[in-house]
Peer 1: 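A single structure is presented below for examination.
Atoms considered below: every heavy atom in the structure, side chains included; atoms not considered: hydrogens, waters and symmetry mates.
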Amino acid sequence: MKTNMLRIGSALAAMLIAAPSFAQDLTFWSWRQEDKAAYEGFIKTFEAANPGITVKFETFEATNYNTILATALAGGTGPDIAQVRAYGGLENLAVGGYLEPLTVENVPAIANFNPAALKAESMRADGTLYAIPFASQTQLVIYNKAIFDQHGIAEPTTWEELIAASQKLKDAGVIPFANGTATAWQNETVTFGLGSTLFGRAFYDELVAGTTDFNDPRFTGALGDIAALAKDYFPEGFIGLDYPSMQQLFASGMAAMFVGGSYELSTFKTMNPDIQTGMFAAPGKAADDEKLVAIYFDGGYAINEAGKNKEASFKFLNYLASTEFGQAMADELKTLSAVPGVKFETEDLAEINELNQNSIPYLMLAHFRFGEPSGSVLIQGEMQKLFSGETTPEAIGEALTTGLAAWYEPFKK
């Protein structure tokens, strides 16, 4: 009896010692307020498989999220797990030593990820990975199938056909494009959602190789075409039209097309469950021009280097890197998960995945957000002036080239 009691006592003591390493409460921050319900469902699945670990999902307004997260991390606080931006947005945190480096030893699944996706979440200087990529996003033209069918419009294969379709819709009393530019980042979305095919793959390749710059007439010519289309076929007063209002215009069926990201599709379905959408790459001048969409990796999941719950944090991060989670994300959020092995079985996701086979990176985000001034800030401000008639495409080309020369070596004279 005495021996048994000693054994029981020893076992209880061992359990009490071990408990803190498993009973851990994690905090998980994100800017994806619209995805909160879905993430809470994903978290329940994880918690059921990992008794003793709880995860609290907190969301913040997207525009201020980077500042909120950076301030918390710099103060030695913040969440255990953070959804972080990609490219330059990731480097701003990683360079401060605020994020835990990731390797195949602590997250084995990364061995199978797309190298381009991993590069978006790595430091350029040494290639250290700091976050698990969570999604690929595509900038393109989304359209209302019922409106196109009603007016006998097919997906345009040339810029001229796009203009003709827009005029036909306008003549019928339908707003051709829902887009407005009062929300600054939408100026960038419109520019590359419409312009990628117009300026073309060769321009992109030469630009990143440093053999041309933004003064190139292929680029400035595309800006002129985009501004002319917006003037004639965006809603009246579009310069004062903000992001939620333009979403409502499209979801309600008042407008036929929407230049935006693949991330809009689930939002439109939520706003109008009956809407049937199609999508296409905005065309070029000739039918045989390679039709390009602009793609980027939309951030990742990182561990706070100063976090106190590393064991549980890595368990959760490995779940976020799993095919199980990636498939659930694709199915629930209609998003092209970056996790390898995920099947895109819905019509929308399959179509986006097909369009992505002919793509270039979303230019400013992928290449020109690594210094100050940011290429995104420059293009957003300059395009707003162009839409207002306050500048020219050629002046924008010069403003981008000289502005970025402050930190981008190929542009330094």
Side-chain angles (χ1 to χ4, degrees), residues 14-32 35 38-59 69-70 72-74 76-86 89-91 93-115 117-123 126-135 297-329 337-342:
M15 288 174 64
L16 289 170
I17 293 170
S21 68
F22 293 102
Q24 297 182 22
D25 298 327
L26 301 180
T27 52
F28 177 22
W29 285 11
S30 170
W31 69 85
R32 297 290 299 174
D35 297 342
Y39 271 96
E40 288 175 344
F42 303 149
I43 287 167
K44 286 181 181 177
T45 299
F46 169 79
E47 290 175 341
N50 293 273
I53 301 177
T54 61
V55 183
K56 182 181 180 182
F57 185 66
E58 299 181 53
T59 61
L69 178 61
L73 293 176
T77 59
D80 295 286
I81 307 285
Q83 197 165 25
V84 296
R85 308 289 189 179
L90 180 279
E91 285 211 357
L93 297 177
V95 75
Y98 303 132
L99 306 179
E100 188 79 13
L102 307 180
T103 67
V104 291
E105 282 73 33
N106 53 36
V107 188
I110 64 176
N112 300 316
F113 271 71
N114 179 341
L118 296 178
K119 185 176 180 180
E121 300 298 336
S122 302
M123 283 287 288
D126 60 10
T128 301
L129 179 71
Y130 287 98
I132 297 300
F134 82 87
F297 292 96
D298 191 17
Y301 307 110
I303 292 178
N304 183 349
E305 194 278 334
K308 301 297 189 290
N309 301 309
K310 292 290 182 63
E311 180 182 2
S313 293
F314 271 107
K315 279 183 176 291
F316 187 55
L317 199 71
N318 274 278
Y319 167 66
L320 297 175
S322 70
T323 304
E324 176 191 7
F325 170 75
Q327 190 65 58
M329 187 179 186
S337 168
V339 176
V342 173

Peer 1: Rounded to the nearest 0.5 Å, what separates atom CG in L320 from atom OG in S313?
Peer 2: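 Taking CG in L320 and OG in S313, the distance rounds to 10.5 Å.
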Peer 1: How close do A117 and P133 get, counting heavy atoms only, and between which atoms?
Peer 2: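 That would be O-CG, 3.4 Å.
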Peer 1: What's the separation between atom CH2 in W29 and atom NZ in K56, rounded to the nearest 0.5 Å?
Peer 2: 10.5 Å
Peer 1: Before you tell me yes or no, could you show the steps for Y98 and N304 under side chain to side chain contact (heavy atoms under 4.5 Å, CB included), namely the whole-Å CA-CA distance, both residues' side-chain angles and the distance that decides it to 0.1 Å?
Peer 2: CA-CA 6 Å; Y98 303 132; N304 183 349; 5.5 Å; no
Peer 1: Can you see which heavy atom on L317 is nearest to which on I303, and at what distance?
Peer 2: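 Looking at all heavy atoms of both residues, the closest pair is CD2-CD1, 3.8 Å.
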Peer 1: Y130 versus S122: any side-chain heavy-atom pair under 4.5 Å?
Peer 2: no
Peer 1: Using atom types as modelled and distance alone, determine if a side-chain donor or acceptor of T59 lies under 3.5 Å from a backbone N or O of R32.
Peer 2: no
Peer 1: Is there a side-chain contact between I53 and F316, using heavy atoms and a 4.5 Å cut-off?
Peer 2: no
Peer 1: Under 3.5 Å, side chain of T27 to main-chain N/O of D80, donor-acceptor pair present?
Peer 2: yes
Peer 1: Counting only N and O atoms by type, is there a donor-acceptor contact under 3.5 Å from the side chain of K119 to the main-chain atoms of N114?
Peer 2: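 Pair absent, no side-chain N/O of K119 close to backbone of N114.
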Peer 1: Tell me if a side-chain donor or acceptor on N106 pairs with a main-chain N or O of L102 at a distance below 3.5 Å.
Peer 2: no
Peer 1: Closest approach of P340 and T323, non-hydrogen atoms and distance?
Peer 2: O-OG1, 3.3 Å
Peer 1: Rounded to the nearest 0.5 Å, what separation is found between the CG atom of L26 and the CZ atom of F46?
Peer 2: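 One gets 6.5 Å once the value is rounded to the nearest 0.5 Å.
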Peer 1: How many angstroms lie between CD1 in I43 and OH in Y319, if you round to the nearest 0.5 Å?
Peer 2: 8.5 Å
Peer 1: In Å and rounded to the nearest 0.5 Å, what is the CD1 to CD distance from I110 to E105?
Peer 2: 8.0 Å
Peer 1: Distance from E100 atom CD to K310 atom NZ, nearest 0.5 Å?
Peer 2: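 So the gap between those two atoms works out to 4.0 Å.
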Peer 1: So, do I132 and F113 sit near enough that their side-chain heavy atoms are less than 4.5 Å apart?
Peer 2: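 Yes - at least one pair of side-chain heavy atoms lies under 4.5 Å apart.
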Peer 1: For S322 and V339, work out which heavy atoms get closest and say how close.
Peer 2: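 What the structure gives for the nearest pair is O-CG1, 3.4 Å.
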Peer 1: How close do E121 and V84 get, counting heavy atoms only, and between which atoms?
Peer 2: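 So the minimum-distance heavy-atom pair works out to OE1-CG2, 4.0 Å.
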Peer 1: Which pair of non-hydrogen atoms, one from Y39 and one from M329, has the smallest distance, and what is that distance?
Peer 2: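 Heavy-atom minimum between the residues: OH-CE, 3.8 Å.
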